[in-house]
Each structure stands twice: as C-alpha cells, then as structure tokens.
Amino acid sequence: MEIEIFLASSLEKVFPQRRPAAQPSGQTLSTWRGTRAAVQLVYTVKNTQGLLVPQFSLEVSGGPVQPSVRSVELLPSEMPCYEKTDDNYLCTEPGLYPDLLQPVKEAVLRPVPGQYRAAWLTWDIPEDAKPGSYDIAITARGMKEWQTPLATLQKNPDADSQVFTNQLTLCVRKAQLPPQKLLHTEWFHADCLASYYHVQPLSEEHWAILDKFIGSAAEHGINMLLTPVFTPSLDTAVGHERPTVQLVDVVRENGQYRFGFEKLERWTGLCKKHGISHLEIAHFFTQWGARATPKILAQTEKGTERIFGWDVPATSPEYRKFLESFIPALRQELMRLGFDKDHVWFHISDEPSPENIDSYHAAHRQVDDLLTDCRVIDALADIQFYREGLVRTPIPSVNHIQPFLDEKIEGLWSYYCCGQNYKVPNRFFAMPSARNRIMGTLWYLHNIAGFLQWGFNFYYRQYSLGLINPYQVTDAGRAFPSGDAFLVYPGENGEPLSSIRAEVQDDALLDLRALQLLDSLAGREETVKLIEELAGMKNLNFDEYPKDADFLLSLRERVAEEIDRRLA
C-alpha cells in the first residue's frame, strides 16, 4: 500500500486523478492579526490490493491557535464552461470539481483508494495574537479504527505505525491592516433561503436562517447587502413571480399610500449586528430593459393585492405616484435606522443593453428627481449610459471596463457574472483559483471602489423557474457555468457552508488591504513597481495579468516583508 500526504497552497484545486503541486516543507505563509491563513493537506492511498483503506487522525501543533479543519468535497458540474474558452481553464469537461468545504467534527482523514483528496486547514488569527514566526507541524497518524466492522479481520498491521508530518512556518506580521475600504455586494437572495429550507418567507424560522446567512456574508467581506424593500425583479422570467420577501408593508387607501417598516427595521438590525455598513435597495424596474415594474403587494379595500408587476409598464402614472410617496418615506426611515444617504445605494435596472437605452431613459425619468442627492448604481457594459447621465456610478463588467477606466471615473466599480468567461478573472469551478484571487491586485492597481457579483446564494434555476439542489445542480439548470450562481451552500439547520471560491476571494480582499497599507507607507509608485517587478510585466489590466499561483503567493510575502521593513 502506498500512502502520500503533503501540503499544497490554498490556490490549488485538488482533483481526484491529478496530483497537485506540493508546497515545500517549511514554506512561510504570512498573515496578520485579525485575519485568516489557510493551507491544504493533500492525501492519497494507492495500491491497496483489496485491503480496507486506513483512516488517519490529524494533529496540528505549534500555531498561535488551533486551525479549523474542513474536507474539500467534490461537486458535480454538467456545465463547467461555455463553448468558447481560453487557455486558462483547469478543465472544460463535465465531471466532479472540488469546491464545497465541509466541516470535519473529528480531525480524521478518510482516503478514497486511488484518488487525491484534500483537507482545508484555516487559522483564524486573533486580534491579540503575538506577532512572530510559528513553526507548525501537521501530523497524520494511522488509526486503529477502520471503515467497516470486518476491519478487525482484515486490517493492515503496518497502518498503526504510519506517521506523516508536514511543516510550515506561519508568520503573523506586526502590522495592523486597515479596514476593508472596497464596497462589496454579492446579491443576497432571501427568497431562495425560504424555498430551500421549506419555511414561510419572513417567518420566525426564515429570520433565523437570514441571520446566519447575513453573518456568513459579512465574514466573506460583504459590507453592502441587497435589501428587498419589495421582491427583487432579478433573473425572473417575464410574467413569472418569485416568492414574496417584501420588507415594506404597503397600504393603499382612497388612492393614497402609507407604509409599515417593521420588517425593514428587523432586517437592518441584522445588518448592523453583523457589521453590514451599506444597503443596496432592490431595483425600481425589471431587469434587461427596465420595461416593467417590480412585484409589489399592498393592502387595499379588496384585501391583499399585487398592485404592480410585469403587467404594469415602467412609465405608469400610478407607479410614479407610488414612488413619490414611497421613496421619501423610505429614505426618512432608513435615516432613522442609521443608514444615511452615503450608506444607501439605489438601482434603476440591471444590465441594460444599448437597444434598451430608450426604455431606460423613460424609467430614469420616473425616479431621477426623487433621487437627486442619492447614490445610484447599475451594472452595465456600454459607457453610453454613463455619458448620457443615466447612471451616476456605473458598474462595468470586467471585460468591458477599459473605456470606463479611460474616462477616469471617480469611484468606479466592477462586476463579473457568467458572461465574463474569456481572458478576464472569474471564479467558475473550472478556473484556477489564481484567476479568482488576482482581483485583489487588480482592484488596487485600478483604484476600484466597489465590486458586485450576482450570486451569493441563488438556488433557483435560470429565470427563477424552480428550486434546485445546489449539491447536485451547480449550474442553475445548465444555464450558467458552475460557480457563477452561488458562493455558499445551504447546510443543515440553516447553517451556510463555505466554498474554495469564497475562501480564495477572501484572500483577494486581504491582498487588497495589504497593498493599500504598503501604499500608505511607501507610496503608490513604489507599490506598483513591486507588483510589476514580481509579475514580470507592466500595466496589468483585466485581460492581461499573471496567470500562475506563484505570483500571488510571492506577492503576499514580499508585501508583508516590505510593510514590516517600512514600519521598522
């Protein structure tokens, strides 16, 4: 029996039949107080010759804290990519991909014969941790317990003596990183959680689940939350409705509107509890053209009625009348709840295209004078919407961002979703993790102020036409490449479970904060020079950047060393 156990960086994706790059023993991994550090322990058992496979207990010593241990689970992907790809994909075939991080109650490795598998070890460094280098030993020890009761008759007599120790140096640096400045929203789908867990929307059971998932969002650097003052009209088939998660109660009486904000107050309370500092109000008009109004329910003389939706055009005079009452009342209430105009962001419609510019103009006229001093953002690809004054803060996709950069727009955002599949960064299952993490460096280099992605927890099929099981369907029903529609998984008892992609993106945010600290100490010119020297290229942009993991790993260490040197 052959047993192999070794360390790999968090930027490796461990496929069953492919040996990942091993990390040299004793390699340094730098981090800072109040942040995280992670490494993978890769293991395989081969040539078992029909014997039962041994298990290994895991022991970790020498660190400032004990790490959490999660197994890297394989998930199916029928659609890992579109037909058009570049040369920076790990695989383009359907199959099993490493993504889900499943907590391990007991630190036990359970190999699968002939396959490489991995455990994800994470150190959460306390704010009061002592800076310095920690020599960490990670030991896998053969166990007496086996996978079946028959093991007592068939166990390998040599397994108990098998001990594998790997070492690394965890360096907790002296500096305190600045808080995250990047505004970061991953669209939070409250209705998907009610549907998946089979609870009534906005019931007590639903609120308990929302609490946990909002907490998870904050842990992953999300500081701005999509807030369903009415049910968001996102990824919804024409004429179809998503489950109602409307946070504002609407009463229409004698042609006048009044509002109840109790649910919104509860929502903002959860946001403040978890450190969410900004709110992103659901779009005022439908997606892909702004031609209709969102679904809004109200209490009328006839009972509960849907007063707006696909059947009401965006230019409806009655909708304008509603907005004239609703927007001032909403703004006043948000101010009372602690979210002033600098911490609230509004949308008109998502992803308008050039052929939608007339309808977007019309929708814009419906709300523009009601949002005169507000922050208004929308995701789009065509700079014409910005040049015509229709979007104050544009959010261009990373494959269409260059004209916006050339315009030198202050406070520019960026986004990606399924369509950003060629050359530019993204986080599909099939892409290397470096293609995800490089965003931190690019955010810094191009002074990006905010980042949007549409799928924190979208557990429906495309156009919201039915629920999926995200452990079985990872592509929204063969609609989007796996990895696009959700970042976390719905675990038992309403507990969100993380993914490789979420953890790697966390490192991108950490890279950004470290670069910003170095910038404050050494200046922008020196910081950019360091990046370009390590990259071996100048003028990094969103389709020309280093593709290998070594660049990002080396950059972390060099930046950490330079910060220490400047502080000394």
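Looking at Ser499, its side chain never comes within 3.5 Å of a backbone N or O of Asp99 through a donor-acceptor pair. Within the 3.5 Å criterion, the main-chain N or O of His240 finds a donor-acceptor partner in the side chain of Trp310.
Ring to ring, Trp443 and Phe451 are close: their centroids are under 6.0 angstrom apart. Under the 6.0 Å cut-off for aromatic ring centres, Trp267 and His274 do not qualify, their centroids lying 6.0 Å or more apart.
Side chain to side chain, Thr244 and Lys295 meet the donor-acceptor criterion of an N or O pair below 3.5 Å. A donor and an acceptor atom, one from each side chain of Arg478 and Gln462, are nowhere located under 3.5 Å apart. Side-chain atoms of Arg70 and Thr122 form a donor-acceptor pair, as typed in the model, at a separation below 3.5 Å. For the 3.5 Å distance criterion, the side chains of Thr300 and Glu305 qualify, holding a donor opposite an acceptor. Donor-acceptor pairing under 3.5 Å is recorded for the side chains of Ser498 and Glu503. Donor-acceptor pairing under 3.5 Å is lacking for the side chains of Gln505 and Arg437. Residues Ser71 and Glu73 have side chains that bring a donor and an acceptor to within less than 3.5 angstrom of each other. Looking at Asn356 and Ser353, their side chains do bring a donor and an acceptor atom within 3.5 Å of each other. Remark: the Thr304 side chain and the Gln299 side chain contain an N/O donor-acceptor pair separated by less than 3.5 Å. Counted by atom type alone, Asp378 and His347 present one or more donor-acceptor pairs between their side chains at under 3.5 Å.
When all heavy atoms of His184 and Leu509 are compared, the closest pair comes out as ND1-CD1, 4.0 Å. Contact between Cys271 and Leu279 at its shortest, heavy atoms only, is SG-CD2, 3.9 Å. Nearest heavy-atom pair, Met431 versus Lys13, reported as atom, atom and distance to 0.1 Å: O-NZ, 2.8 Å. Taking each heavy atom of Thr185 and Ile222 in turn, the nearest pair found is CA-CG2, 4.3 Å. Between Pro243 and Thr231, the shortest heavy-atom contact is O-CG2, 3.5 Å.
Phe213 and Tyr459 have perpendicular rings, their planes meeting at more than 60° on a 0 to 90° scale where under 30° would count as parallel. A tilted orientation is assigned to the rings of Phe308 and Phe322, their planes being inclined by 30° to 60°. In this pair, His278 and Trp345 present their aromatic rings tilted. The plane angle is within the 30 to 60° band. Between Phe259 and Tyr257, the ring-plane angle classifies as parallel under the 30° and 60° cut-offs.
At most 12 non-hydrogen atoms from other residues, nucleotides or ligands lie less than 6.0 angstrom from CD of Glu106. With a 6.0 Å radius and a threshold of 12 heavy atoms from other residues, nucleotides or ligands, Gln332 has its CD atom at or below the threshold.
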*Walk me through it: do Arg242 and Asp235 pass the test salt bridge (charged side-chain N to carboxylate O under 4.0 Å, His left out)?*
CA-CA 9 Å; Arg242 292 175 62 156; Asp235 209 77; 5.9 Å; no

*Determine, step by step, whether His283 and Trp187 satisfy the ring pair (Phe, Tyr, Trp, His ring centres under 6.0 Å) criterion, reporting the C-alpha distance in whole Å, the side-chain angles of both residues, the deciding distance to 0.1 Å, and the verdict.*
CA-CA 12 Å; His283 300 65; Trp187 282 348; 5.3 Å; yes

*Evaluate the criterion salt bridge (charged side-chain N to carboxylate O under 4.0 Å, His left out) for residue pair Glu262 and Arg266; output intermediate values, then yes/no.*
CA-CA 6 Å; Glu262 292 80 6; Arg266 188 168 183 177; over 6 Å; no

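Salt-bridge annotation for Asp484 and Arg427: absent, with no side-chain N of the basic residue lying under 4.0 Å from a carboxylate O of the acidic one. Comment: Asp128 does not engage Arg33 in a salt bridge, judged by the lack of any side-chain N to carboxylate O separation of less than 4.0 angstrom. A salt bridge does not link Lys341 to Asp373: none of the charged side-chain nitrogens sits closer than 4.0 Å to a carboxylate oxygen.
For the ring-ring contact (aromatic ring centres under 6.0 Å, His included) test with Phe480, the passing option among Tyr463, Tyr416, Trp454 is Trp454; the others fail. Applying ring-ring contact (aromatic ring centres under 6.0 Å, His included) to Phe285 and the options Phe346, Tyr319, Tyr360 leaves one that passes, Tyr319.
Cation-pi contact between Arg435 and Tyr89: present, with separation from the ring centre below 6.0 Å and deviation from the ring axis of at most 45°.
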